[in-house]
Amino acid sequence: MHMHRRNNVPATPVVVLLLHETNRSRVLGVQLRYNYRAYPDASQRRALASAFGCARVAWNDCLRDRKQAHAAGLPYVKSAQLSRLRITQAKRTEERAWLADVSAVVLQQSLRDLDTAYKNFFDSLKGKRQGRTVGPPRYKSKKDTRQSIRLNTNAFCLKDNGTVYVAKVGNLKVKWSRGLPAAPTSLTVTKDSCGRYFVSFVVDTEPDSLPELETDAGIDLGLSAFAVLSDGRKIDSPRFLRRAEKKLKRRQRELSRKAKGSKNRAKARIKVARQHAKVADRRRDWHHKASTQIIRDNQAVYVEDLAVSGLGRTRLAKSVHDAGWSAFVGMLEYKAALHGRTFAKVDRAFPSSQICSTCGFRDGPKPLHVREWTCGECGTVHDRDHNAARNVLFEGRRIVAAGRAETPNACGAPVRRAPVPAQRGEAGSPRKGQTTQAGIPGLQAREHVNRSRCARR
């Protein structure tokens with residue numbers, strides 16, 4: 001299965017992987033999310049708008065009941081009680097009679113999503129959930145830029161004529177950029193900020209292992225060059241946002257001049273949203289093609305764990321977000337798992353730019369404008385990025401060979417590796433504090449960095 005998008009459907013998002021693992025060395029099964037562009041007609045758009053609104057109201061009603069119960073010191077309201085009160089009985093009232101106009105699956109799934117949001121919140125408070133702290137569920141607004149509904153197999157089916165039947169909506173016309181490898185288990189219909197509709201299928205499938213190779217690569221991510229590989233190859237940064245800034249500024253000026261609440265302002269807002277969507281689509285497409293090529297060319301891939309959220313608050317914020325490092329690393333991770341490759345992250349505290357990749361001598365921190373330097377021990381002239389990529393390669397090999405989940409910092413003390421965030425959307429089980437790797441580690445560490453000479457960047 002090819003992971004890149006077809007050029008004749010430029011607006012179609014690609015595959016998102018959902019992993020289910022029981023140990024670190026193998027992947028028992030994977031779920032793939034396939035997204036396609038949908039083109040509903042006028043009546044179907046009205047039906048979808050009604051479904052989006054009903055799902056939002058069901059979410060808000062159930063959330064309000066739980067918040068009020070918590071404020072009053074009452075026990076947590078169970079899902080069965082909310083389903084009976086806010087869905088089944090609500091349809092019989094005059095105030096909520098219009099809930100019967102949409103499929104009951106849409107309303108029930110909205111309640112399940114609320115349960116999942118609460119579970120993630122509670123698990124985050126108790127420390128059971130890896131990653132950043134998750135806040136409590138919030139109310140949804142009809143002015144949200146993204147509207148969606150989710151359905152199970154009882155409320156949709158695939159037709160022989162290429163359309164997708166959605167209960168109480170009709171047969172949606174879909175642009176199929178590729179076929180589904182198996183029968184889907186769920187469907188999500190989404191409307192984005194610029195008015196585009198997408199259908200997203202979750203499919204259970206088996207890993208698609210690629211032939212084993214003898215090559216591996218360390219990757220140093222940057223801004224001047226998007227990525228530098230340990231073999232010396234450089235991937236130039238496309239800077240999609242920077243290239244589109246001129247048109248974005250013009251669209252934004254037009255939007256700011258329109259009267260608030262007017263129809264012209266709504267039209268101008270959609271033009272701005274479409275321009276941003278083009279930038280995001282181009283960046284995503286480029287990320288997929290670059291990550292697929294790297295995974296196909298290497299048996300193992302190692303990358304530094306960057307503090308993107310912190311860099312996003314500096315003067316380089318626009319360039320950092322334009323590069324999209326987090327999305328790119330996430331693609332490398334799930335494609336490595338899908339194709340039987342090894343993937344590992346090197347801790348951000350590892351001083352990859354201070355160590356000579358030839359002799360292991362620590363040459364001290366260097367300002368960012370220093371792009372080349374000479375090792376004071378062996379006299380080797382290093383390109384800063386290439387040297388860092390080689391050090392990331394050596395450290396990644398050591399981590400995989402040792403099977404360790406921690407990397408020593410400058411003082412020799414272990415630094416706990418950053419947790420792996422789950423994939424966006426319907427995510428699978430997160431890892432529990434283990435090394436971020438996929439596949440069966442087959443590479444042995446041949447070179448080691450002198451940890452006694454390590455120091456922070």
Side-chain angles (χ1 to χ4, degrees), residues 12-13 16 18 31-63 79-117 140-142 144 146-192 195-205 425-426:
T12 305
V16 174
L18 313 174
Q31 287 183 317
L32 295 179
R33 180 186 292 278
Y34 285 79
N35 295 344
Y36 303 92
R37 182 76 179 270
Y39 297 90
D41 57 29
S43 62
Q44 292 171 346
R45 288 195 295 268
R46 289 191 295 269
L48 286 174
S50 177
F52 295 148
C54 291
R56 181 180 65 251
V57 168
W59 169 288
N60 290 342
D61 287 347
C62 296
L63 177 58
S79 299
Q81 183 179 353
L82 289 176
S83 176
R84 181 174 60 256
L85 178 64
R86 293 302 180 184
I87 296 178
T88 304
Q89 296 180 5
K91 294 179 182 179
R92 302 168 185 169
T93 64
E94 183 178 355
E95 183 183 3
R96 292 284 190 264
W98 36 264
L99 289 176
D101 295 339
V102 302
S103 172
V105 175
V106 172
L107 306 179
Q108 294 291 344
Q109 188 60 58
S110 182
L111 177 56
R112 294 192 187 99
D113 291 341
L114 180 62
D115 292 337
T116 302
K140 294 184 178 181
S141 171
K142 64 180 180 181
D144 289 342
R146 182 181 181 275
Q147 304 283 343
S148 66
I149 55 173
R150 291 210 296 147
L151 309 100
N152 57 25
T153 52
N154 295 327
F156 78 93
C157 65
L158 305 181
K159 297 292 186 179
D160 295 335
N161 58 0
T163 60
V164 177
Y165 172 76
V166 178
K168 295 195 175 182
V169 174
N171 296 323
L172 294 179
K173 180 182 177 181
V174 176
K175 184 67 174 180
W176 297 98
S177 56
R178 69 183 74 189
L180 292 173
T185 58
S186 71
L187 168 68
T188 302
V189 183
T190 306
K191 179 185 178 183
D192 65 6
R196 300 181 303 177
Y197 292 84
F198 296 96
V199 291
S200 172
F201 302 95
V202 174
V203 179
D204 293 321
T205 184
E426 303 171 31

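Sequence positions, counted from 1, serve as the residue numbers for this chain. As a basis for the values below, the full set of heavy atoms in this structure was taken, side chains included, without hydrogen atoms, waters or symmetry mates. Bear in mind that the values here come from a model prediction, so they are computed numbers and not experimental data.
- Distance check: Leu82 CG to Cys62 SG gives 4.5 Å after rounding to the nearest 0.5 Å.
- No donor-acceptor distance shorter than 3.5 angstrom exists from the side chain of Asn60 to the backbone of Val57, with no hydrogens or angles considered.
- The two atoms that bring Pro184 and Thr153 nearest to each other are O-CG2, 3.6 Å, heavy atoms only.
- The line from OG1 of Thr116 to CG of Leu111 is 9.5 Å long, rounded to the nearest 0.5 Å.
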With side chain to side chain contact (heavy atoms under 4.5 Å, CB included) as the test, would you mind laying out the steps for Arg146 and Asp192 before giving the verdict?
-> CA-CA 5 Å; Arg146 182 181 181 275; Asp192 65 6; 5.7 Å; no

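- Put simply, CZ on Arg86 and CG on Leu107 are 13.0 Å apart, with the number rounded to the nearest 0.5 Å.
- A donor-acceptor contact shorter than 3.5 Å links the side chain of Tyr36 to the backbone of Arg178.
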Kindly indicate, with the supporting measurements, whether the criterion side chain to side chain contact (heavy atoms under 4.5 Å, CB included) is fulfilled by Gln109 and Leu151.
-> CA-CA 7 Å; Gln109 188 60 58; Leu151 309 100; over 6 Å; no

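- One distance of note links CG of Leu48 with CD1 of Ile149; it measures 5.5 Å at 0.5 Å rounding.
- Residues that satisfy the side-chain hydrogen bond (donor to acceptor under 3.5 Å, both in side chains) test with Asp115, not counting sequence neighbours, are Arg66, Ser79.
- Separating the CZ atom in Phe198 from the NZ atom in Lys175 is a distance of 14.0 Å, to the nearest 0.5 Å.
- Annotation: side chain of Val106 is not in contact with side chain of Lys168 (no heavy-atom distance under 4.5 Å).
- The distance from the CG atom of Leu158 to the CG atom of Asn171 is 11.0 Å, given to the nearest 0.5 Å.
- Shown here is Lys173, whose NZ atom has no more than 12 heavy atoms of other residues, nucleotides or ligands within 6.0 Å.
- Residue Ser83 forms a side-chain hydrogen bond (donor to acceptor under 3.5 Å, both in side chains) with just one option from Arg112, Gln108, Gln89, and that option is Gln108.
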